[in-house]
Engineer: 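Attaching a single structure in structure tokens format; questions to follow.
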Amino acid sequence: MASVTLLTVWASPFSMRAKLALLLKGIEHEDLPQDLGNKSKLLLESNPVHKKIPVLIHKGKPVSESVIIVHYIDEVWPETSPLLPQDAFLRAKHRFWTDFIDKKIFDSLAQFMRSSDGGAAVNEEFIQNCMLLEGALAELGSEEDGPFFGGASMSFLDVMLAPYSVLIPGVEQVMGLKPASPEQCPRLHKLFGAVAEHPSAKAALPQIEKLKEFIQAHFARK
Amino acid sequence: MSKDSVKLLNFWPSMFGLRVHYALDLKGVSYDYQEENLFNKSKELLEANPIYTKIPVLIHNGKPICESLVIVDYIDCVWPGSHKLLPEDPYEKAVARFWADFGDKKLYDAGSRLIRAMGEEHKKAGEDLKWALMKIDEALGTIAPGKPFFGGDAMNFADVALAPFICWFKGYQKVGGFVLPGPEEWPNLYKWVDAVNSVDAIKISTPSHDKIAEFAEVIRKRVIGAA
């Protein structure tokens with residue numbers, strides 16, 4: 001087995017984060033796609049508690065949970081593309097907003113996708129959450145430095161958020177999600193645009209058209 | 001050198017707030033404490049945590065840090081000298097973070113459902129809680145065999161994240177109407193409980209288990225009344 005293996009599911013935003021972190025740091029790895037309908041022995045042995053992806057296996061030892069994986073990658077390979085800031089308070093901000101993305105952005109998007117009534121109320125909540133994230137971007141990243149939370153280069157929080165640059169358009173185009181407008185979230189729009197141009201992100205994230213097919217097959221209301 | 005100003009905004013039964021107490025107390029950091037009334041939140045809390053308006057919040061030299069595990073991580077960064085909570089080795093760090101996260105995703109989640117759900121969901125929550133504690137028992141045996149804590153001889157990040165649930169055991173059992181399996185079934189867990197309870201720093205801020213149980217029952221009665 002390769003020294004670094006990533007158990008993935010290409011459509012999962014959590015899987016995309018781990019992949020992106022490895023690519024940003026130029027870490028050679030084996031990408032092993034998983035079938036969640038028929039979980040492999042390797043997956044069940046590597047993540048016996050949650051049985052979920054992504055899982056990073058480094059020198060035979062498994063690391064689970066995307067946020068923990070990205071922390072681990074940043075700590076083991078700190079020289080290239082450092083992701084977390086050095087300052088303790090800024091690190092806390094990156095962790096707080098990462099948790100916000102998982103609790104609020106992901107959750108409201110997932111609720112919208114599962115809603116049976118068109119999801120207008122949860123869509124509104126989703127937009128409000130994006131606007132809060134826009135506020136965080138204004139607080140943490142000066143526009144002159146660059147489009148990302150990390151300025152000109154992607155940082156920890158950018159890696160956590162990057163998958164939404166394809167997920168949001170996918171859900172918008174297949175399921176009619178109303179995203180936050182460029183007027184409501186100008187910097188977030190620029191950030192997603194910059195993600196779309198970034199070579200590592202292009203390699204880590206699926207094409208929107210392919211994601212749309214997946215969303216159509218699994219979530220679209222009949 | 002000017003003195004650090006450290007203040008914890010909390011609500012006494014919160015296991016999340018207790019994590020912050022434990023981290024600060026283990027490191028011997030002096031701090032001010034402000035008890036919040038969650039039905040009448042202070043202006044300070046609303047300004048310090050405008051996103052969630054929740055406790056705990058740590059205010060360090062005027063800057064607020066929110067979310068208990070983010071706070072504990074921060075505390076470990078800022079006061080690394082005494083009682084380091086996160087191991088140096090990245091893999092051991094990842095293992096500690098995993099079990100802290102498990103506390104949120106599985107233990108807290110089950111406990112919360114146990115208190116707030118009715119019927120079949122309430123029953124399932126009880127089973128899920130026991131499963132989570134069983135997993136912690138197993139983990140202790142694998143990660144630090146023969147040692148009392150996840151951190152080996154001393155409490156680490158995972159121990160600090162999970163220990164606050166100990167004072168809720170009585171409350172969970174009362175609300176759930178069951179008795180948790182004992183040391184014969186979960187030897188590692190109960191050795192861990194005893195070890196945690198023996199740490200002097202832990203004794204400083206842990207609320208009375210009986211008071212927590214009373215509090216849990218009050219919430220449960222309200223939930224049932226509203227159902």
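Residue numbering restarts at 1 for every chain, and letters A, B, ... go by the order of the sequence lines. Predicted model, so just to flag it, every value in this text is computed and none were measured.
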Engineer: Find out whether A:E75 and B:K93 are in side-chain contact, i.e. whether some heavy atom of one side chain is under 4.5 Å from a heavy atom of the other.
Structural biologist: yes
Engineer: Decide if atom NZ of B:K123 counts as having more than 12 heavy atoms of other residues, nucleotides or ligands within a radius under 6.0 Å.
Structural biologist: no
Engineer: Give me the ring orientation class for B:Y74 and A:F89: parallel if the planes are under 30° apart, tilted from 30 to 60°, perpendicular past 60°.
Structural biologist: perpendicular
Engineer: Please classify the contact between B:K63 and chain A as side chain, backbone, both or neither, with a heavy-atom cut-off of under 4.5 Å.
Structural biologist: both
Engineer: Going from CH2 on A:W97 to SG on B:C66, what distance comes out if it is rounded to the nearest 0.5 angstrom?
Structural biologist: 9.5 Å
Engineer: Give me the atom names and distance for the closest heavy-atom approach of B:V78 to A:A88.
Structural biologist: CG2-CB, 3.8 Å
Engineer: What part of A:P62 gets within 4.5 angstrom of chain B, counting heavy atoms only: side chain, backbone, both, or neither?
Structural biologist: both
Engineer: Less than 4.5 Å to any heavy atom of chain A: does that hold for the side chain of B:I51, its backbone, both, or neither?
Structural biologist: side chain
Engineer: So which heavy atom on B:V70 is nearest to which on A:A92, and how close?
Structural biologist: CG1-O, 3.4 Å
Engineer: Go through the atoms of A:H58 and report whether side chain, backbone, both or neither lie under 4.5 Å from a heavy atom of chain B.
Structural biologist: neither
Engineer: Out of B:H60, B:K105, B:K135, return the one with the most heavy atom pairs under 4.5 angstrom to chain A.
Structural biologist: B:K105
Engineer: Cation-pi between A:K59 and B:Y91: NZ/CZ under 6.0 Å from ring centre and within 45° of the ring axis?
Structural biologist: no
Engineer: Please check if the number of heavy atoms outside B:E121 that lie under 6.0 Å from its CD is greater than 12.
Structural biologist: no
Engineer: Which atom pair, heavy atoms only, marks the closest approach of A:R91 to B:C77?
Structural biologist: NE-SG, 4.1 Å
Engineer: Is any side-chain N of the basic residue among B:D73 and A:R95 closer than 4.0 Å to the acidic one's carboxylate O?
Structural biologist: yes
Engineer: Show your working on side-chain contact (heavy atoms from CB on, under 4.5 Å) between A:V49 and B:W99 and close with a plain yes or no.
Structural biologist: CA-CA 10 Å; A:V49 175; B:W99 287 101; 3.9 Å; yes
Engineer: Is a salt bridge present between B:E67 and A:K103, judged by a nitrogen-to-oxygen distance below 4.0 Å?
Structural biologist: yes
Engineer: Can you confirm if the aromatic rings of B:F98 and A:Y72 lie within a centre distance of less than 6.0 Å?
Structural biologist: no
Engineer: Flag the pair A:E65 and B:R97 as a salt bridge only when some basic side-chain nitrogen lies within less than 4.0 angstrom of an acidic carboxylate oxygen.
Structural biologist: no
